[in-house]
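To keep things clear, I will list the structure first and then write my remarks on it.
Worth knowing before you read on, the calculation uses all heavy atoms, side chains too, and leaves out hydrogens, waters and symmetry mates. Just so you know, residue 1 is the first one in the sequence shown, and it goes up from there.
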Amino acid sequence: MTGNSTNLTDRTINTNARYVRLYITQGTQIGYDGYARIDEFEVYGTASGNAALNKTATANAYNLSSEAPQYAVDGSIGTKWASIAASPNWLKIDLGYVTNISRWVVKHAAVNGESTNFNTKDYKLQVSNDGTTFTDADTVTGNTANTTDRNVNATGRYVRLYITKGTQSGFDGYARIYEIEVYN
């Protein structure tokens with residue numbers, strides 16, 4: 001913006017960014033370019049991307065350090081969270097803030113070429129505001145798909161993938177999740 005003479009600037013723009021910067025080229029109306037006085041700077045937007053991406057993830061167990069929970073939220077189907085603990089298995093993600101959740105996606109074993117027998121069979125998406133008490137938001141039973149993509153109407157700071165039947169072939173203690181995504 002150039003030539004501003006108002007007390008309040010309120011503008012609408014359409015852009016995506018992680019960081020914003022107010023870059024001032026002329027500081028005052030009377031030519032003191034080195035002076036800038038900003039009483040308030042506000043930026044509003046909608047977070048429509050994957051809210052789980054690179055967030056803190058924990059699980060009840062994992063096999064190897066290369067199959068730790070964070071690999072289920074790293075944005076890559078080249079890595080995974082895997083567990084062979086006794087059923088049920090769970091993967092919890094701290095979204096960092098309470099948010100509305102409208103869609104969730106799970107990429108199972110076959111998205112990276114593993115046998116479809118290792119695709120997760122029965123599981124739930126659960127939500128919580130405190131990370132301790134969870135409520136079921138959606139339930140999937142008898143899944144045979146390589147990718148689960150479902151709409152949901154839920155709210156929470158924490159989401160948990162709660163797996164009761166880990167594979168198609170009856171190994172209920174197995175879990176192999178290449179990616180979980182949560183959209184708001």
Expected output: side-chain D136 to main-chain L125 donor-acceptor under 3.5 Å: no
List the atom of L91, the atom of A57, and the distance in Å for their closest heavy-atom pair. CD1-CB, 4.3 Å
Got T133 and Y158 here, is their nearest side-chain heavy-atom distance under 4.5 Å? no
Minimum heavy-atom separation for N60 to W90, with atom names? OD1-N, 2.9 Å
Besides I77, the hydrophobic cluster formed by Ile, Leu, Val, Met, Phe, Trp and Tyr side chains linked at under 4.5 Å, directly or via other members, contains V111, Y178
Is the closest side-chain donor-acceptor distance between D130 and S128 under 3.5 Å? yes
Contacts of K80 that satisfy salt bridge (charged side-chain N to carboxylate O under 4.0 Å, His left out) - sequence neighbours left out: E67, E114
How far does OG of S76 sit from CG of N112, to the nearest 0.5 angstrom? 8.0 Å
Side-chain contact test, heavy atoms from C-beta onward, threshold under 4.5 Å: evaluate it for V73 versus I180 and give yes or no. yes
Run the side-chain hydrogen bond (donor to acceptor under 3.5 Å, both in side chains) test against T155 and tell me which residues pass, sequence neighbours left out. N100
Looking at residues at least two apart in the chain, or sitting in another chain, which of them share a side-chain hydrogen bond (donor to acceptor under 3.5 Å, both in side chains) with T148? H108, Y123
Go through the side-chain N and O atoms of N184 and T99 and say whether any donor and acceptor fall under 3.5 Å apart. yes
Test of understanding: clusters of I, L, V, M, F, W, Y form through side-chain heavy atoms closer than 4.5 Å, transitively. Do V182 and V152 belong to the same one? yes
Which ILVMFWY residues are connected to V98, directly or by a chain of links, through side-chain heavy atoms under 4.5 Å apart? none
Quiz question: by atom type and distance under 3.5 Å, do the side chains of N119 and Q168 form a donor-acceptor pair? no
Out of N153, V127, N151, which one pairs with I101 under the side-chain contact (heavy atoms from CB on, under 4.5 Å) rule? V127
The test is side-chain contact (heavy atoms from CB on, under 4.5 Å); show your working for I93 and K55 and say whether it passes. CA-CA 7 Å; I93 300 133; K55 293 299 195 298; 3.8 Å; yes
Tell me, do T139 and Y162 make a side-chain contact under 4.5 Å, heavy atoms counted? no
List the atom of D74, the atom of Y71, and the distance in Å for their closest heavy-atom pair. OD1-O, 3.1 Å
Within-4.5 Å side-chain heavy-atom neighbours: K107 and V105: yes
Here the pair of heavy atoms bringing R157 nearest to N129 is N-OD1, 3.6 Å
Testing the basics here: between A61 and W81, what is the closest heavy-atom pair and its distance to 0.1 Å? O-NE1, 2.9 Å
Between N146 and T116, is a side-chain contact (heavy atoms from CB on, under 4.5 Å) present by the stated rule, with each step listed? CA-CA 7 Å; N146 298 341; T116 56; 3.8 Å; yes
Heavy-atom side-chain proximity of Y174 to F118 below 4.5 angstrom: yes
So does D138 pair up with K124, basic N to acidic O under 4.0 Å? no
Decide yes or no for R150 and V140: does some side-chain heavy atom of the first lie under 4.5 Å from some side-chain heavy atom of the second? yes
Using every non-hydrogen atom in the two residues, find where S83 and N89 come nearest and quote the distance to one decimal. OG-OD1, 2.8 Å
Within the structure provided, determine whether I177 and I163 are in side-chain contact (heavy-atom separation under 4.5 Å). yes
For the side chain of T167 and the backbone of T120, is there at least one donor-acceptor N/O pair under 3.5 Å apart? no
May I ask you to say whether E181 pairs ionically with R103, meaning some side-chain N is under 4.0 Å from a carboxylate O? no
Looking at residues at least two apart in the chain, or sitting in another chain, which of them share a salt bridge (charged side-chain N to carboxylate O under 4.0 Å, His left out) with K165? none
